[in-house]
Amino acid sequence: MNKSSIYGLTLEQLRSWLPEHGQKKSRASRIWEWLYQERVHDFPEMNDVRQECLDVLSEHFTMNSMSEHVKQESADGTVKFLLRMQDGNLIETVLMRQKYGLTVCVTTQVGCNIGCSFCASGLIKKSRDLSAGEIVEQIMHVQRHLDAAGQGERVTNVVVMGIGEPFDNFENMSNFIEVIKDRKGLALAAKRITVSTSGLPDKIKEFADSSLQVNLAISLHAPNNELRTHIMKINRAFPIEQLMDAVDYYLAKTNKRIMFEYILLRDVNDQREHAAELAELLSSRKSMVSVNLIPYNPVDEHSQYQRSTEESILGFYDTLKKNNINSTVRMEHGTDIDAACGQLRSKQMKNNAAESQPDRLAMG
């Protein structure tokens with residue numbers, strides 16, 4: 001039977017768990033330090049924790065619920081990890097080097113059911129949610145990669161923008177954030193953590209009501225319902241009017257800015273008239289929102305979409321600016337490797353299937 005990742009416990013949960021299993025509550029803080037400050041690889045390395053306690057922890061938990069299957073390194077310093085979990089499933093985690101620090105993009109689900117028509121992540125349907133521990137362990141895997149390089153570098157920023165819809169795994173995503181924010185652990189500041197959603201209105205409101213206090217990004221990708229439904233099937237269930245109602249609730253409740261993500265698809269959603277319509281949609285909220293324009297990374301399976309021209313990207317950006325909508329064009333990372341989210345995983349699974357085909361034919 002697969003053991004749970006100990007990284008899924010918050011410090012308070014660990015303090016409660018220990019007495020329930022015959023151990024002193026006071027040991028939790030030291031165990032926590034070993035996990036997140038010393039960053040040991042296995043329980044026996046916690047050499048000042050009683051053996052009886054280590055035995056109990058080892059019986060119930062693992063610190064290594066995933067292993068590195070493939071690692072791709074880009075010339076710009078981006079590193080994409082394909083990680084294999086205990087049940088054999090593969091997930092992606094990405095380390096990006098940016099001017100303001102080292103950012104890790106984490107995955108929250110195995111596959112994705114949102115069904116964005118341009119996205120490699122949705123090529124394989126969701127089979128399960130990741131546990132909080134499996135999400136935290138992605139950060140730990142990247143941090144150990146940095147530790148091994150011996151340069152004293154630390155993960156400083158986290159974006160929950162990998163495979164899956166984070167708000168469809170809300171409880172585990174929330175526990176993950178509590179763990180990485182903990183001052184006695186990784187101590188990541190809330191302002192350095194961003195969660196991206198495709199737009200689940202009820203969950204956006206629940207997020208606003210939570211104590212997480214991290215940043216929110218919303219994948220919009222179109223300025224009207226007809227076009228957004230064509231690109232993102234989730235818009236059939238939650239049209240833009242419902243999404244914007246949740247946005248207004250979030251802004252009123254938190255007084256925190258929202259970033260809208262907008263992937264530019266050539267001759268689909270990237271014209272000046274689309275930018276003008278987007279500016280109109282956001283006009284009443286423009287002091288509290290920004291738009292992150294994302295040049296598209298083509299995916300073989302979605303050949304109907306192509307990257308926007310430089311002229312279209314600049315024209316879109318210029319139109320937003322002229323309408324006083326704060327916007328940026330995302331700096332690209334890892335363009336010389338499988339850059340699109342889910343692309344490496346999808347390619348690896350196809351390769352695995354191709355390699356096993358002769359065996360299946362032989363068995364038949």
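Any value given below was found using the heavy atoms of this structure, including those in side chains, with hydrogens, waters and symmetry copies removed.
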Would you tell me whether [X] and [Y] have side-chain atoms, one donor and one acceptor, within less than 3.5 Å of each other?
{"X": "Ser65", "Y": "Tyr7", "answer": "no"}
{"X": "Asp55", "Y": "Gln51", "answer": "yes"}
{"X": "Glu134", "Y": "Asn172", "answer": "no"}
{"X": "Thr103", "Y": "Gln98", "answer": "yes"}
{"X": "Thr197", "Y": "Glu165", "answer": "yes"}
{"X": "Thr10", "Y": "Arg15", "answer": "no"}

Taking [X] for the side chain and [Y] for the main chain, is one N or O donor matched with an acceptor at less than 3.5 Å?
{"X": "Arg84", "Y": "Gly88", "answer": "yes"}
{"X": "Thr328", "Y": "Arg330", "answer": "no"}
{"X": "Asn113", "Y": "Lys125", "answer": "no"}
{"X": "Asn292", "Y": "Met259", "answer": "no"}
{"X": "Asn269", "Y": "Leu265", "answer": "yes"}
{"X": "Asp42", "Y": "Pro44", "answer": "no"}
{"X": "Thr319", "Y": "Ala276", "answer": "no"}
{"X": "Asn323", "Y": "Ile325", "answer": "no"}
{"X": "Glu261", "Y": "Ala217", "answer": "no"}
{"X": "Gln143", "Y": "Val155", "answer": "yes"}

Is the count of non-hydrogen atoms from other residues, nucleotides or ligands lying under 6.0 Å from [X] atom [atom1] greater than 12?
{"X": "Lys24", "atom1": "NZ", "result": "no"}
{"X": "Glu171", "atom1": "CD", "result": "no"}
{"X": "Asn47", "atom1": "CG", "result": "yes"}
{"X": "Glu226", "atom1": "CD", "result": "no"}
{"X": "Glu273", "atom1": "CD", "result": "yes"}
{"X": "Arg30", "atom1": "CZ", "result": "yes"}

Discussion item. Between Arg154 and Leu186, is the side-chain contact (heavy atoms from CB on, under 4.5 Å) condition met? List the steps.
Written reply: CA-CA 9 Å; Arg154 294 288 303 275; Leu186 294 177; 4.2 Å; yes
Is the closest side-chain heavy-atom distance between [X] and [Y] below 4.5 Å?
{"X": "Met96", "Y": "Val159", "result": "yes"}
{"X": "Pro201", "Y": "Tyr249", "result": "no"}
{"X": "Val79", "Y": "Glu73", "result": "yes"}
{"X": "Ile163", "Y": "Val110", "result": "no"}
{"X": "Val268", "Y": "His274", "result": "no"}
{"X": "Ser312", "Y": "Leu264", "result": "no"}
{"X": "Gln138", "Y": "Met66", "result": "yes"}
{"X": "Arg307", "Y": "Asn297", "result": "yes"}

Residues [X] and [Y] bridged, charged N to O under 4.0 Å:
{"X": "Asp209", "Y": "Lys253", "value": "yes"}
{"X": "Glu68", "Y": "Arg144", "value": "no"}
{"X": "Asp168", "Y": "Lys203", "value": "no"}
{"X": "Asp245", "Y": "Lys205", "value": "yes"}

Work out which heavy atom in [X] is nearest to a heavy atom in [Y]; give both atom names and the distance.
{"X": "Gly101", "Y": "Thr156", "value": "CA-OG1, 3.3 Å"}
{"X": "Asn326", "Y": "Val289", "value": "CB-O, 4.1 Å"}
{"X": "Ser198", "Y": "Ile234", "value": "OG-CD1, 3.4 Å"}
{"X": "Met161", "Y": "Ser196", "value": "CG-CB, 3.4 Å"}
{"X": "Ala222", "Y": "Ile240", "value": "O-CD1, 4.0 Å"}
{"X": "Leu212", "Y": "Glu178", "value": "CD2-OE2, 3.5 Å"}

In terms of the angle between their ring planes, are [X] and [Y] parallel, tilted or perpendicular, with boundaries placed at 30° and 60°?
{"X": "Trp17", "Y": "His21", "answer": "parallel"}
{"X": "Phe316", "Y": "Tyr262", "answer": "tilted"}
{"X": "Phe207", "Y": "Phe167", "answer": "tilted"}

From [atom1] ([X]) to [atom2] ([Y]), nearest 0.5 Å:
{"X": "Ser16", "Y": "Leu9", "atom1": "OG", "atom2": "CG", "result": "9.5 Å"}
{"X": "Ile204", "Y": "Tyr250", "atom1": "CD1", "atom2": "OH", "result": "9.5 Å"}
{"X": "Glu280", "Y": "Leu282", "atom1": "CD", "atom2": "CG", "result": "9.5 Å"}
{"X": "Ile31", "Y": "Leu14", "atom1": "CD1", "atom2": "CG", "result": "5.5 Å"}
{"X": "Ile180", "Y": "Leu188", "atom1": "CD1", "atom2": "CG", "result": "5.0 Å"}
{"X": "Arg128", "Y": "Gln109", "atom1": "CZ", "atom2": "CD", "result": "10.5 Å"}

Discussion item. Could you walk me through whether Tyr36 and Val136 satisfy the side-chain contact (heavy atoms from CB on, under 4.5 Å) test, starting with their C-alpha distance in whole Å, then the side-chain angles of each, then the deciding distance to 0.1 Å, before giving a yes or no?
Written reply: CA-CA 11 Å; Tyr36 296 105; Val136 174; 3.9 Å; yes
Discussion item. Between Leu216 and Ile218, does the side-chain contact (heavy atoms from CB on, under 4.5 Å) criterion hold? Intermediate values first, please.
Written reply: CA-CA 7 Å; Leu216 176 64; Ile218 296 176; 4.2 Å; yes
Worksheet entry | Partner of Asn235 by side chain to side chain donor-acceptor pair (under 3.5 Å), out of Arg228, His221, His230 |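 Option passing the side chain to side chain donor-acceptor pair (under 3.5 Å) with Asn235: Arg228.
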Item to complete: Would you sort out whether Arg97 and Leu102 count as a side-chain contact (heavy atoms from CB on, under 4.5 Å), showing the intermediate values?
Response: CA-CA 5 Å; Arg97 293 184 176 276; Leu102 299 180; 3.4 Å; yes
